[in-house]
Engineer: 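Before anything else, here's the structure in question.
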Amino acid sequence: MLLFSRRRVWALILTGLIFFFLISFRRLNSAALSSVGLYPKNGSPHGAGGDSLASYWARIKPHYPVDSMRPLPTGSPSALPPVQTTFAPESATDRSLRLDRQAAVKDAFLRCWKSYRQKAWMSDELAPISGHRKGHFGGWGATLVDSLDTLWIMGLREQFDEAVAAAASISFETTTIKEVNVFETNIRYLGGFLAAYDLSGDARLLKKAREVGDMLYAAFDTPNRMPMTRWDLHAASRGQMQVAHEHVLLAEIGTFSLEFIRLSLLTGDPKWFDAVQRIMEAFQEQQQTSHLPGMWPVVVNARKMEFDKHTDYTLNAMADSLYEYLPKTHALVGGLLPMYREMYEASMDTAIRYNFFRPMVPDGNDILISGMISAKSDNSHTKLRPEGQHLGCYTGGMLALGGKLIQNQTHVGTGEKLMDGCVWAYQAAPLGIMPELFYALPCKSTEQCAWDEKLWVQEVIDMAGLNNLDVDSADAEALIAKKRLPKGYTHIPDARYILRPEAIESVFVLYRITGRQDLIESAWKMFEAIDQNTRTELANSALGNVLEDKPPMSDSMESFWLGETLKYFYLMFSEPDLISLDEYVFNTEAHPLKRLLPT
Ligand SMILES: *[C@@H]1O[C@H](CO)[C@@H](O)[C@H](O)[C@H]1NC(C)=O
């Protein structure tokens with residue numbers, strides 16, 4: 001009989017909780033408003049007024065107007081410490097190899113772009129096998145908007161002009177979907193327009209950014225000015241009152257600062273700055289009162305503004321970009337808002353101490369992985385879940401960037417090891433592509449960690465919930481063969497690869513910061529593995545299982561493949577001054593925004 005190990009039981013409980021959460025969360029969305037009796041007596045559309053040139057959403061009168069608007073920061077931005085290294089002159093052979101690789105990335109992009117243009121123009125996504133259209137990001141042309149700045153960066157001016165003209169006609173007055181994910185809309189659409197504007201200066205793009213910004217701002221019209229994160233845009237458009245949810249994901253409420261502050265700076269209208277500051281000031285107040293002081297839990301209560309109550313703490317999925325935006329906002333505003341640097345330092349102090357672990361791997365590489373901590377009532381009892389996530393690979397770039405900006409070498413070194421952890425996870429995997437989720441065995445010490453095959457097999461058996469198996473048995477060997485586990489991986493609960501960018505993102509950032517030449521080869525290996533295995537006749541597709549020799553494809557190409565993944569690959573093989581990290585900061589969808597620099 002198979003016995004469940006304690007870890008297995010724990011994983012099952014957690015899965016159950018997540019399931020329950022998702023179910024109740026979906027119900028909450030519709031139940032929330034009626035349960036608190038906030039539906040208006042009549043749902044009549046409310047008064048137009050003010051500026052007739054203002055966009056549709058700006059003309060809708062708010063139920064809960066802001067009484068005192070926080071003014072935009074004034075003063076002159078500081079010259080923050082340099083981020084990029086000084087690159088030595090490159091040889092003629094290195095240059096021609098680099099340019100060949102860059103051209104290969106551009107070709108991959110163009111192939112996808114042409115198919116999108118031909119088969120799915122203006123829809124959110126192209127399905128890369130069937131050639132169908134998909135529309136779950138609002139139906140406003142997610143791939144089109146997400147790709148604008150990539151087109152510009154790759155020097156595809158003709159395609160850029162055509163795309164801008166098309167994007168200028170998108171209407172944000174309504175949507176094809178029932179519920180808008182405010183976070184995704186912010187990072188993909190608002191971020192996409194702002195970056196394309198910052199690069200090209202085309203006024204049509206700032207106008208679109210403002211329209212998206214006005215729409216999103218309507219999601220903040222709640223009694224405590226906390227946003228609806230999953231938002232019934234149709235109800236808001238009809239003038240229904242709304243109140244923020246009690247269970248929201250950390251990343252979904254904490255990822256506005258780059259886009260909102262940039263939009264306020266570009267338009268001179270402080271309303272977006274005010275909106276995000278109300279959130280982030282509350283986060284700062286509660287930073288040291290959580291169960292893992294310095295960090296905030298994955299799930300928070302927006303209605304009660306309780307950001308410190310739950311028990312799971314991670315930099316990975318569902319939390320990620322809240323942390324990522326702290327040092328990046330510090331960079332964006334040239335140090336004019338010290339709270340972002342303070343929050344960054346305090347959160348990384350905790351993450352470095354608790355969340356990052358050194359995995360036991362065959363060559364004893366000195367690498368790190370970012371895991372999850374469960375913490376009870378105070379941090380006297382914490383438990384590490386040694387899970388690596390593809391999404392979590394952004395952490396390397398974040399810490400290296402943050403470390404350069406605040407001149408802390410510990411952060412830069414930690415970021416480098418986290419990035420090396422993702423490169424290891426790619427290289428150890430059968431096809432050279434890291435799976436979505438995996439587990440590893442944390443070393444007892446970060447100083448020393450010799451490979452111990454027996455210990456690894458034992459962990460694989462435990463993770464599989466098969467503690468009746470003998471480490472030396474043929475059954476154990478068969479188990480490892482059946483699970484196709486690369487040495488060092490102990491369990492792979494999700495073996496998909498969905499064209500995600502986070503690993504190449506961190507390789508790119510670390511390359512610009514350190515100039516490490518081996519990263520060029522690592523990046524190229526990643527690109528070849530990904531492009532070869534995901535290529536369809538039309539474009540590139542997400543993979544169902546990277547442990548199989550011929551992985552099944554899922555007919556999906558999210559807009560981030562063109563918006564992020566191929567952009568970072570392209571920049572990896574460009575001159576280091578193209579989108580210099582000393583002039584731009586990337587939002588979490590790889591849209592480069594101009595940093596405030598001293599004049
Ligand atoms: C650098 O960061 C580490 C980890 O957060 C911290 O312990 C250390 O005090 C920092 N160093 C300086 C000089 O601030």
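One-based numbering, in listed order, for ligands and for the atoms of each.
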Engineer: Looking at side-chain heavy atoms only, is the closest gap between Pro435 and Tyr497 below 4.5 Å?
Structural biologist: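 Sidechains of Tyr497 and Pro435: no contact.
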Engineer: Is any NZ, NE, NH1 or NH2 atom of the basic residue among Asp274 and Arg278 found under 4.0 Å from an Asp or Glu carboxylate oxygen of the other?
Structural biologist: yes
Engineer: Within a distance of under 4.0 Å, is there any protein heavy atom near atom 5 (O) of ligand 1?
Structural biologist: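 When distances to the protein are checked, atom 5 (O) of ligand 1 has a heavy atom within 4.0 Å.
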Engineer: Regarding Asn316 and Glu387, do their side chains bring together a donor and an acceptor under 3.5 Å, going by distance alone?
Structural biologist: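 The answer is no; no qualifying pair exists.
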Engineer: Can you say whether the rings of Trp296 and Phe283 are parallel (under 30°), tilted (30 to 60°) or perpendicular (over 60°)?
Structural biologist: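 Taking Phe283 first and then Trp296, their aromatic rings stand perpendicular (interplane angle over 60°).
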Engineer: Using a 4.0 Å cut-off to any heavy atom of Ile352, which atoms of ligand 1 qualify?
Structural biologist: 4 (C), 5 (O)
Engineer: Report the part of Glu345 in contact with ligand 1, treating N, CA, C, O as backbone and CB onward as side chain, heavy atoms under 4.0 Å; options are side chain, backbone, both, neither.
Structural biologist: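 For Glu345, there is no contact with ligand 1 at all, from either part.
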Engineer: Looking only at the side chains, is there a donor atom on one of Trp451 and Glu453 sitting less than 3.5 Å from an acceptor on the other?
Structural biologist: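 Looking only at side-chain atoms, Glu453 and Trp451 do form a donor-acceptor pair, the distance falling under 3.5 Å.
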Engineer: Taking the minimum heavy-atom distance to atom 1 (C) of ligand 1, which of Leu399, Asn408, Asp349 ranks first?
Structural biologist: Asn408
Engineer: State whether any protein heavy atom lies less than 4.0 Å from atom 13 (C) of ligand 1.
Structural biologist: no
